Amino acid sequence: MSTVAALPRDEDDLVRTLNEWFRHAARDLPWRRAGFGAWGILVSEVMLQQTPVVRVIPRLAEWLERWPTPADLAATPQSEAIRAWAGLGYPRRALRLHACAVAIAERHDGIVPRDVDELLALPGIGDYTARAVAAFAYGDRHPVVDTNVRRVLARCIDGQGEPAPPNARRDLAAMDAVLPHGREEARVFNAAAMELGAVVCTARSPRCDVCPVADMCAWRAAGHPAYLGAKRAVQKKYEGSDRQVRGTLLRELGAVHRPLSAEELEPLWPDAAQRDRALAGLLADGLAVTTDEGYTLPQ
DNA sequence: AAGACGGGGGT
DNA sequence: ACCCCAGTCTT
């Protein structure tokens, strides 16, 4: 025996510590409960695309009670999915989730696919969601990288206060490099890294005082240096934006349960040019359709 | 690579 | 006011 026993690598230490922390500190979220089901996981992940956890929880329960399987949603008019999405934001997701249900019902015998490439081929399922479903619903080992994970890796591993702009190939490789090889450990670590970013290693004011991996954090070790990279573009104001107009029109189209004429749309937004632009956008997205009676939600 | 796409809550 | 949120798709 010529070699000394290898000391635990930093990654192993990180995994062990974070997973142990997760096992007792994790929030009790619905989609983490045993037997939640792949369809429920998929719906939750789509809802969680840019909508905060606390707002998703009650709406997810409504959806799954109403549409317990992909076939149930697939058999429903698109208009009902759009109405049931109200308030969650980015309503195109409702349309894509409906299309996703149709695709699963027709092409996958009503079973949520397990293969990442098959998941990626579904409407509204991108790099994050495909791997989240494969990892959390089926327990397979895939790097799951969301905004929380990117921030945790940037700080803990790279010593940067903020992640670089998203790059799927690079981000997935970075997570894969620290992901343990065992399926169960990998599944837990994906969730644990996300959880750390969501409740401890937060974007605005990280709670390093309660962080379980503070003593192995490269950013902390470096003295919390300020982020030197390019700032993210400031997002446009929502008040008065085209987005607000779209939301206003769509909400009304869903509320009245009948087609609305162009004249009936006028009082909803005084600026005609902006109103027309928003309406055209809704039509282009398939969130609204034109009939002989006027504008309405798609069937 | 950059921009569009909701809407609410925290700071 | 500004930032952020378990992103995806299009150009």
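Computed from a predicted model, the values in this text were never measured in an experiment. The analysis underlying the following values was restricted to heavy atoms, covering all of them including side chains, and did not include hydrogens, waters or symmetry mates. Chain letters run A, B, ... following the sequence lines, proteins first, then strands; residues in each count from 1.
A:Lys237 comes within 4.0 angstrom of nothing in the nucleic acid, heavy atoms only. Counting any heavy atom pair closer than 4.0 Å across all strands shown, A:Thr129 reaches sugar-phosphate atoms only and no base atom. Contacts of A:Arg131 with the nucleic acid, taken as non-hydrogen atoms under 4.0 Å apart, are absent.
Dashed line: the shortest gap from a side-chain N or O of A:Gln49 to OP1 or OP2 of C:dG7 is not under 4.0 Å.
The existence of a salt bridge linking A:Glu195 and A:Arg27 is confirmed by a sub-4.0 Å separation between a basic side-chain nitrogen and an acidic carboxylate oxygen. A salt bridge links A:Asp285 with A:Arg246; the closest basic N to acidic carboxylate O contact falls under 4.0 Å. Salt-bridge check for A:Arg66 with A:Glu80: passed, with a basic side-chain N closer than 4.0 Å to an acidic carboxylate O.
Rounded to the nearest 0.5 angstrom, A:Trp31 CH2 and A:Glu45 CD are separated by 8.0 Å. For the atom pair CG (A:Leu250) and CG (A:Leu279), the distance works out to 10.5 Å, reported to the nearest 0.5 Å.
Against DNA chain C, the stretch residues 112-127 of chain A makes heavy-atom approaches under 4.0 Å through A:Pro123, A:Gly124, A:Ile125, A:Gly126, A:Asp127.
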Donor-acceptor pairs under 3.5 angstrom involving side-chain atoms of residues 200-225 of chain A: please list them, not counting sequence neighbours.
| from | atom 1 | to | atom 2 | distance (Å) |
| --- | --- | --- | --- | --- |
| A:Thr202 | OG1 | A:Ser205 | O | 3.1 |
| A:Trp219 | NE1 | A:Pro225 | O | 3.0 |
| A:Arg220 | NH1 | A:Ala214 | O | 3.4 |

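Nucleotide B:dG6: unpaired (no Watson-Crick or G-U wobble partner with both distances less than 3.5 Å).
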